[in-house]
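So you know, we letter chains A, B, ... as the sequences are listed, proteins then strands, and number each from 1. If you're wondering where the values come from, they're calculated on a predicted model, not measured in any experiment.
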Protein chains: 2
Amino acid sequence: MPGPQEEPVGLVVTRTSRTLARAFEQALATAGGSTPTWLVLLSARTGSHRTQAELAAAVGVRGPTLTHHLDGMERDGLVTRAPVPGDRRGQRVVLTPAGEELFLRLREVAVAFDRRVRAGLAEAEVAQLRRLLATLAGNVAE
Amino acid sequence: MPGPQEEPVGLVVTRTSRTLARAFEQALATAGGSTPTWLVLLSARTGSHRTQAELAAAVGVRGPTLTHHLDGMERDGLVTRAPVPGDRRGQRVVLTPAGEELFLRLREVAVAFDRRVRAGLAEAEVAQLRRLLATLAGNVAE
DNA sequence: GACTAACCGTTAGACGTCTATCGTTTCCGG
DNA sequence: CCGGAAACGATAGACGTCTAACGGTTAGTC
């Protein structure tokens, strides 16, 4: 008998991630948003980024991907690219009133979704999950 | 003071998944493969699928995505689409000798990668990780 | 001061994935 | 039988992401 033949851990993580991402996307769609839009609004709003490169890092994507989404969001009137005084290379991304309004709506959805995801899990379990995932990521990042 | 402001669990799962997926992709690339190729070879080799639709489900993608990859793999001589006797709608995917050879090489990489991912984790911890992830997925799947 | 290197964001092109739709083929109820 | 529904796989088009390469700007060095 060839043992239990368990599914690789990495595959389980990936599949779970896709399930969560898809559900989150649907939830955001009901409020007129998408995952990239939400992440950009969230990171841009804090204003703690100096350049687009930093904003991209905060969002978790590469530069060209951020450029792509900013193009769409600027076209939709959610953000503007403001010149940085004293450095003609960079641009600062700022939310328009419409962007701020969408942010508030999406935040409600995101908060509710996070509650839904953690349902039935104790604080300690969530903490252990974070720890285990961090271990996995650390194991492959060098 | 605004509290610890912890990152949402879903985001942590997604980020970890991307880190793992990227590292796995790199590992497979050294052996001349890619993630979709590996998953298709793995699922198709068991032969436990009747149709492409079932194969797609086993791989974890939709029909058109599988079609896309099969086109490339057939062009590369890794698999062939064989007619199903008695049903002119379906086609069975079978590995060529070259496909079988690549599968064996990629399997070594995949096994080694799984070991690397689980490094420093006890069996019980891995089991709990599986349980926690399954809970998250179950919470959003209805 | 001019030259080179570094930084910043965009463009171009690729890949993997999805939904919607279509043409064939098979099945089934009247 | 036969006509509509279901199943199967392919196509078309969209989206999010990536790497590689480019043009414009700043900084550092001799």
Under 3.5 Å, which donor-acceptor pairs link side chains of residues 35-44 of chain B to any protein atom two or more places apart or in another chain?
residue : atom : partner : partner atom : Å
T35(B)  : OG1  : E25(B)  : OE1          : 2.6
T37(B)  : OG1  : S34(B)  : OG           : 3.0
S43(B)  : OG   : L39(B)  : O            : 3.2

Salt bridge D71(A)-R81(A), side-chain N to carboxylate O under 4.0 Å: yes
Chi angles and distances behind the side-chain contact (heavy atoms from CB on, under 4.5 Å) call for L136(A), L121(B): CA-CA 9 Å; L136(A) 298 193; L121(B) 290 182; 3.6 Å; yes
For the pair made of CZ in R62(A) and P in dC15(C), what is the distance, rounded to whole Å? 18 Å
Interatomic distance, H69(B) NE2 vs dA14(C) P [rounded to whole Å]: 17 Å
Estimate the overall bend of the helix from dG1(C)-dC30(D) to dG30(C)-dC1(D) from the end axes over five pairs each, rounded to 10 degrees. 10°
Take the protein atom CG of L55(A) and the nucleotide atom P of dT10(C), then report the distance between them rounded to whole Å. 11 Å
Of the nucleotides dT17(C), dG16(D), dC18(D), which has the atom closest to the V61(B) side chain? dT17(C)
Carboxylate-amine/guanidinium contact E7(B) R15(B), below 4.0 Å: yes
Run the side-chain contact (heavy atoms from CB on, under 4.5 Å) test on L129(B) and L133(A) for me, step by step, so that the C-alpha distance in whole Å, both residues' side-chain angles and the decisive distance to 0.1 Å come before the verdict. CA-CA 8 Å; L129(B) 175 59; L133(A) 290 175; 4.1 Å; yes
When you get a sec, tell me which of dT19(C), dG16(C), dT17(D) is the closest nucleotide to the side chain of S34(B)? dG16(C)
Rounded interatomic separation in angstrom, taking CD from Q26(B) and P from dC15(C): 17 Å
Which one of T80(B), V79(B), T65(B), L78(B) satisfies the side chain to side chain contact (heavy atoms under 4.5 Å, CB included) criterion with L70(B)? V79(B)
Sidechain N-carboxylate O distance under 4.0 Å for E123(B), R118(B): yes
N or O in side chain of T65(A) less than 4.0 angstrom from dG16(D) OP1/OP2: no
Is there a side-chain contact between R88(A) and the phosphate of dG9(C), meaning an N or O under 4.0 Å from OP1 or OP2? no
Please give, in whole Å, the distance from dA14(D) P to E25(A) CD? 17 Å
So, taking the atom named CG in N139(A) and the one named CZ in F113(B), what distance separates them when rounded to the nearest 0.5 Å? 9.5 Å
Cationic N near anionic O, under 4.0 Å, E125(A) to R131(B): yes
Find every protein N or O atom lying less than 3.5 Å from an N or O atom of nucleotides 7-12 of chain D, and list the pairs.
residue : atom : partner : partner atom : Å
dC8(D)  : OP1  : R50(B)  : NH2          : 3.0
dG9(D)  : OP1  : Q52(B)  : N            : 2.8
dG9(D)  : OP1  : Q91(B)  : N            : 3.3
dG9(D)  : OP2  : Q52(B)  : N            : 3.1
dG9(D)  : OP2  : A53(B)  : N            : 2.8
dA10(D) : OP1  : R81(B)  : NE           : 3.1
dA10(D) : OP1  : R81(B)  : NH2          : 3.2
dA10(D) : OP2  : Q52(B)  : NE2          : 3.0
dA10(D) : OP2  : T67(B)  : OG1          : 2.6

